[in-house]
Amino acid sequence: VSTAHAAKVEPRPGLRGRVAENDRLLRETGCLFGLETLARKHEDPGTYEAVWHILLNICNTGWTVGCKVSSSPVAAEGGDALWSLHLPTGEAVCTSKGIVSHPGLLSLLLRRYIEQGYEENPGFRPGDIFENNDPHYGGIHSPDFQTTIPIFYEGELVAWAGSVSHVMDAGFITPGSIGFLNPDCFSDGVPVTMERVGEGDRFYPWYEMRMKSRTRTPDWVLGDARGRLAGCLTIRDRVIKLVDKYGLAFVRDVMREYIEDSRRYAVARVRTQAIPGRVRKSNFKDLAMAGKRVILPEQNIDCLFNLPLEVSIDGDAKVRFSLRGASGWVPFGENITPAACISALLNGYSHVVGFDMFNWGSVAAWTLDTPPAGSWANPYPVNYFASSGVAWAPAVMWLSSLYETFGRLYYARGFIEEVAAGAATTMTAEFSGVNQYGIYSAGLTLEQASNGSPARGMADGENSAWSIYTPQADFGNAEITELFYPIVYIGRNVEPDSGGYGTFRGGLGHTAVWLVRNTPGIEYQCGCAGIRSKIVANHGMFGAYPTWPDRPSYAIDTDVAELIAAQKPLVHERGDPERPDLVKNVHARILEPNAIAPFVTPELLHENDLVIHPISGAQAIGDPIERDPQMVKADLDNAWTREWVARNVHGVVATQDPTSKEWTVDETATARRRDEVRTERKRRGVPFREWWQAERQKILAGEQMAEAVRTMWRTSMRLSPDYAEELRAFWKLPEDFAF
Amino acid sequence: MARYLVACDAGGTMTDVIVVDEAGRSVIGKAPTTPHDESIGYMESLEEALRYMQMDLAKDGAAFCGAIETAIYTGTSMLNALINLSGLRTGLLVTRGFEDVIVQGRGSQTFIDCQWSEITHMQYRKHRRPLVPRKLTRGVTERVDMFGRTVIPLYEHEVERGVRELLADGIESLAILFLHSFRNPAHEQRAAAMARAIMQETGRTVPVVISSEVAPTMREVSRANATVIQAYASEPARKQLLRVEERLAEKGYRHSLKTVLCYGGITNIRYPRLFETVMSGPVGGIMGAHYLARTIGLDHVVCSDVGGTSFDAGAITAGMLPINREPPFQQMYVNVPMLDIRSIGAGTGTYIRLDPQTSRIKLGPDSAGGTPGPVFQEQGNEIPTVNDCNILLGVLNEHYYLGGRVKVNKQKSYDVFKAKIADPLGLDVYVAAEQCVELVNVLMREHLVRSLMVGHDLRDYVLLGYGGGGPLHLLGYAGDYPWKAVCTVPHAGAFSAWGGACMDYAHRRHKSVSAILPHGADTATRMHAAAIVTATWEELEKELLAELESEGFRRDQISLRQIVYIRYYGQLEDVEVESPVPRLASDADVDALVAAFEDVFTKMFTLAGKPSDPTYQVTEVSVIAQVDTVKPTLAKHPLEGTTPRTQASKGTRQVFQLGRWHEAKIWEMGELRPGNEIDGIAVIEAPNTTLFVPPDWHVRIDEYDIYWLTRGGTR
C-alpha cells in the first residue's frame, strides 16, 4: 500500500452523480464527458502522447507481473487475461495486451458498483480488493474473475486498476471452465458477487477458503487470483508515480480525453471506410444434445440459435447494432447478458477497426439495442435462472458476423485490404481426472486458442494464427501442455481443407491427436465455446464455400498397444473424411470417428485410448474456381488440400511427381474443368423467384423442419415482433403465421 | 613486438574493424560489406584501419597479422541465409504427426515485433516462409513422454524410408526433432545413427543435426527452429568464416578466427553449435558494458544503445548478463540462449507523422535510418525524422554532422517539419520539434523502466548510453528517474565494435530438468531433487570442459558457473538464479539456493505473487564455462584540471530547450581530458556522436575517460 497517500483518505462522494452527468453530457453533446474540444491534446500534443505511452506501458507491466505470477497456462500461455486502467466512474482508459473482450465488462462492472451505492456501503478504501464473476451482476461467465482495486491520490479516488483472467476450473457441476452442460445458474460454479474480497492489499482468508472448497483446482485458481492482484497493485503504484510527475489535474484531464479521442477515431474510421445504410447478417448456431449425456432430462434436445447481427450506419457515421430476431434462451450454459454482448462488440470492433488507443471510447461510437428480453442474449427478464456457463459460445459466433458485415461495407468503399471473412469456431478440449502426478486436475488445453484466421480481401487467411476471443492467438508447445494432463500428443498438424474454400481461402485449423497415458482414468470434454454441431454457419463471402462442422473422434479400449508392438500404423491426423485413419487403423470397444460436438466421453478414458480433436479453420472470400491455380498448387505441395478437392472445388487439375512429390498444374485441363463446373452450376441453378416460391411452400407446410428449427423461429418471432413482421413480409406469409 | 586484438562487426551495410593495441589504443576501419564473399569487405576494412595506424596492408600486413593475438569476426552470413532463404536444402525427420512443426509454427510467431494495434487487427499477421518446406519433412512414429519413458518405440522402417526419400530428393543437411528428446535422446540418436549408416551405404553424406544435442531444452517449436537453423545455415556461414580466416592466415595470422556467441562470449569458428552465433550483432554493446563495469567495479548496469532505427537495451544485474532462453528471432521463437536485448523502433532516424484521423503524433516505428536519412540529407526522404528535430533545435551541429562529412540543408528540415507537423498541430516549429524529441525520449525511458526493469530498483543501476545517438538522447531518457548514476563514453558511436573485443571465451549449455522441492519435504526428498540438479550440472560441465579442452585450453584456465531456473511449483515463469554453491550437497546448500531464488522473485513480482506453503520446481539447469582472454586495456589517465583546455571550446550556439532559446557552449570531445567538468547547457561534439547536456546537468570526465552526468551537480 502506498501509505503516504492512504493517510489522507476520504472517499470522494458523488460518483453516482458523476456517472449520470457523464451520460447527460454524452447525450447532449455527442462527446464523452462533454469534451467537444480536447484541450490538453491541443495545448500540449507531445505530453498528451507521452502520458498515453506511459499508461500503456503501465498496463503492460501489470500484464507482465500478473502473468508471471499466475499459475494457469490459460492466462499466461493462452493469453486469456487482461489488466486495465479505468476512470473513477468505470470507463476503461487503457488496457494491456491480452483478451480484449473484457475491458467493456470491467467498465460496466465498476459503473454497477457505483450505481448500487457501493461508494457509501461498503465504501471504497485504499487497499480494498473487489471481485465479481457473477453474470447477473456484470460478469460474463463464472470462470472469468474480474478483480478491481481503487487507486487513491491524496485521499481522492482517481482511477481503478482492473484485471480479468480465466481460471481452469470454476466449480461448475461438471469439471473445467467451459460449462455448456450447465442447465441453470445454480450449476454455474462458485459465485463471487460484486464483493469486497480483501483489504490492505490482501485477500480475506474466507475468500481463499471458498476457492479451496468450491473449485477443483484451487492452487491454479488462487494462483490466478494472486496474478490478477499483483498486476493491479503494480498498475496502482505506477499510476500514483505518474500523477506525482504530471499532476493530478493533467492526468485526470488526459485520461478522459484519451477515451473521447478513441471514440472520435472509431467514428472517423467508419466515416472514411464504410457507407451509410443497414445490413443484416443472418447467422445460426446449433447445439445438438439430443441423446447425449446431459445433466437434466429437459436438456435431451437439439437447439438452434438465431444470431442475427444488424448494423445501421447513419450519415454522421453513428453505428447502431441490433440483435432483433435473436431466438430464445436455452437450458444450457449458452446464454449471455447484454453487458457481455457490449464487451464482445468492443472486442470485435478492435478487430475490424484496429485501435492503438483502445479503450471504452469506441463503445460510445455505437449503440447496441437492448437484445430481445428472453433471448439467448438477454435471458434474465424471462428466466432469471438461466445459465451462462460458457456465455461466449453464441456470442463469438454472432461476433464472427461483425467481420463479414464490416467487410462488405469496406469492400463497397474500396478498402479491399480491410475486408475479412468470418472467424473460425472455438471448440475446446478439457480433461479432468487423476493426472500423471497422481493428483486430481481439471482444465482446458490451449488448442482452441489458435484457429485459422479469416481470409482477407487480398490474401488467404493464416493457418493457426487467430482466435476471435483473443488476438494473442497461440496454442503453445505440446511439450508444455503435456506437463498438465496425462496425455501424449501423437499429432498436431495442419488439417487439410479445414478452412473455407474460395478465391482466398480461410486460414486452416489443425488437429490434435492425443494418446491417454499415465492415469487411472480421465474424462474428455469436447466443449462448445462457439461451434457448429451439425449445421453450416457463417458461410464466407462473395461466393466462397463454408468450412465444415467440427467433427472430433475418440476410441476407448483400443488395440493401440498391439499396434505399437507390431509397429503398425497408428493415428496422427484425421485423414480422409470418407475413411478416417481412426477407422482404418484402430480397433476399439467404443470407436466414434465422427462425433457431433459438443459432448463428454461416455466413460472414463484409460491407457492407450485416443482422442482426435480438430480445430477449425476460418471462412473464405470469393468463388473457389477463381482461385489462382498456383495457390492451389502451393496448397497441394504443402498437403493442405487434396487432389480431389483441387479438381472438384477449385476446378484445378494437377498431377504429382512421385519422386519429388511436387505438383504440376495442367493449365489446359484446368480451364476445361472450370468450364465444366460453370456449366454444372448453370444446370443446377434456378431463378431466385422459383427458389423463393419452393422455399415458401416448405415454410407454409412446415416441411422438413426439425423441432429445433421451429422452436428457434417461433421464439425469434415472438421476442421480436418487428423482426417477425419483416420475416412474414419477405416470405409473403399470412399475418397470423407462426412456426 | 606489439600485440594486437582485431574485432570485426560486419553489418548489413558496413563492415567495421577495430584494432586495439596492448595499451588499449584503438582505430576503426570501415568498408562496404560484401555478402558474396565477406572476406573482401573484411580485408578492405582492415586495410582502412591500418591506414589510421600509418601502416599499409600490402607492405606491413605480414608483420601486423603475425602480431594479432586474437581476431574476432561477427558476420551476417547466417542471418542473410535465413532472410534470403539461401541456406542448405534441409530435410527434417520429426515425430510423426508433427510434420507441420516448422510450416505451422505457432500463432505467436505471426505477430512478433508487431505493435498492439497491429496485433488486434488480424490483417497484419503472417507466417514467415519456412526454412524447411513440408515436402522435405518426414514423420517417424515414436514417442517419449515427459518423464523420458518410451511410449512408442522408434519405427525404424519409417526412419529408413524417410532418410532414403530425403536423400533422393537432394537434401544437403538433415535435422531430427523428436518430442521430449531433451529428456531421453535415445530415439534421436538412433535415427541419426541409422541416417549416417544409410548415407555411408548410398555414398552421399550430409550433416546430421539432432535437437537433443543442439538445444536440449523444452518447447518443441522453438527447439525445432534451433535445430533447423543449425542444419540450414551454419555450414554456409562457417564457409564464410573459414574464408576470412584463410585470408588472414595468408597475411600471417597464426591462430584460429573467433566469432561471437549470442549470449556474449567468443568461440572458435569451428564450434559445433554455430547457430548460437546467429544473432550476435547487438551483443558487442552489452559485452563492452559488461567489461567496462567489471573493470571499474559496477555490479548493476543498464545498457542503452540509440541507433538510427532502434533503441536497444539490456540490464546487467549483479554482474550477470541478461539471458533470454527463447528469444524471438526472424519471426521464430528459438531455443538459443541469447543476451536479452529488448528493442523498440525508436532512434534518431525514426519518422514523425500525424495520424490522419486524430492528428495524434505518431513516431515510427519505421525510420529513414542512414539511407535515405533525415530530410536535411536531401536523399529523397520527405518525412520528418527525430534528427531533423535535433538539427532544428540546434542540438546537432548542421556544419558538423558526422564530422562534417554529410551536408545538411537545415531549411529543408524546417519547411517540411513546419508543413507536415507543426502547422497541422497549430504549434510553433521549435515547440513542436522539442515535443517530438521529448516524446521519443519518453518512449525510450518507458522502454527502460517498464519493459526492461520490471521488479528492479533503478537506484541500484548505472545507466550507460552509447550508440551514435546515445549521448544525444541519454539525458532525455534518463529523465528524473533515480538512477544510481548516468554515464557515457567518448567512443559511443563505435562502442559495440569495441565491446566485441572485450569478450571472454565462453561456452554455455542448458538442459531442461524437473526437480521438485515440496513444501516441508524431508531431507531425503530434498536431496533427491538436489541430486537431479547436481547430476545435470556435472553432465553439462563435462561436455563444456571437453569442448574447451579440445580447443586447446587447460582445465586450470577454465572457470565454471552453475545456474538454475526455478519457480514456485504451479507457476509458469521461472527465474534465473546463479547458484551460490557449485554443488547441492546438503540441506544447507538447498536452502541457500532457495533463498537466492526468493530474493530475486520477490523483487520482480511483488509479495502478492508468493504462494503460502510454497513448493519449488527447478525447470532448467545451465553451466557457463569461461576462459579469460586478452582484452583491450581500459586505460587509466591522470586527471587534469576541471576547466577544459582552450582548444576544446568551439564557442556557443543557440539551442532551443524548455520552450526557449539558450546560448549553449559547444565543445570538441576529442580535446576534452579526464578531470574536465562542464555545466549544461552544452553540446559536446565528436565526428561519430554528440553529447547533449541540458540545463541543470553537469558532466565530469573520470580517469577512464568516462563521462559521468549528474543533475544540478549534486550526484
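Just the heavy atoms: all of them, side chains too, but no hydrogens, waters or symmetry mates, feed the values below. A, B, ... follow the sequence lines: proteins, then strands. Residue 1 opens every chain.
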Is chain B contacted by the side chain of A:Gln436, its backbone, both, or neither, given a heavy-atom distance below 4.5 Å? both
Using a 4.5 Å cut-off on heavy atoms from C-beta on, say whether the side chain of B:Trp116 contacts that of A:Asn60. no
Distance col, row A:Glu479:CD vs B:Arg183:CZ, nearest 0.5 angstrom, shows 9.0 Å
Identify the heavy atoms of A:Asn638 and B:Arg134 that sit nearest to each other, and give their distance. O-CG, 3.4 Å
Would you check if the side chain of A:Asn463 reaches a backbone N or O of B:Gln104 as a donor-acceptor pair within less than 3.5 Å? no
Nearest 0.5 Å, what's the CE-CZ distance between B:Met122 and A:Arg456? 9.0 Å
Is there a donor-acceptor contact under 3.5 Å from the side chain of B:Arg125 to the main chain of A:Ala465? yes
Is the closest basic N to carboxylate O distance between B:Lys362 and A:Glu49 below 4.0 Å? no
Do the side-chain N and O atoms of A:Glu482 and B:His180 include a donor-acceptor pair separated by under 3.5 angstrom? yes
Any luck finding a side-chain donor-acceptor pair between B:Arg149 and A:Asn518 under 3.5 Å? yes
Within the distance-only criterion (no hydrogens, no angle test), does the side chain of B:Arg96 pair as donor or acceptor with the backbone N or O of A:Gly491 below 3.5 angstrom? no
Taking B:Glu220 for its side chain and A:Asn477 for its backbone only, find out whether a donor-acceptor pair lies under 3.5 Å. no
For the side chain of B:Gln123 and the backbone of A:Glu418, is there at least one donor-acceptor N/O pair under 3.5 Å apart? yes
Checking salt bridge (Lys or Arg N to Asp or Glu O under 4.0 Å) between A:Glu462 and each of B:Arg128, B:Lys126, B:Arg106, which is the one that passes? B:Lys126
When rounded to the nearest 0.5 Å, the distance separating CZ of B:Arg143 from CD1 of A:Ile564 is 11.0 Å
When rounded to the nearest 0.5 angstrom, what is the spacing between CD in B:Glu438 and CG in A:Asp44? 9.5 Å
State whether A:Lys245 and B:Asp480 are salt-bridged, where the test is any N-O pair (Lys NZ or Arg NE/NH1/NH2 against Asp/Glu carboxylate O) under 4.0 Å. yes
How close do B:Leu427 and A:Glu43 get, heavy atom to heavy atom, and via which atoms? CD2-O, 4.3 Å
If you round to the nearest 0.5 Å, how far is OG1 of B:Thr358 from CE of A:Met357? 7.0 Å
Please confirm whether the backbone N or O of B:His121 pairs with a side-chain atom of A:His351, one donor and one acceptor, at under 3.5 Å? no
Between A:Gln567 and B:Leu154 (side chain of the first, backbone of the second, donor and acceptor by atom type, cut-off under 3.5 Å), is there such a pair? yes
Can a donor-acceptor pair be found, under 3.5 Å and without considering hydrogens, that links the side chain of B:Tyr568 to the backbone of A:Val69? no
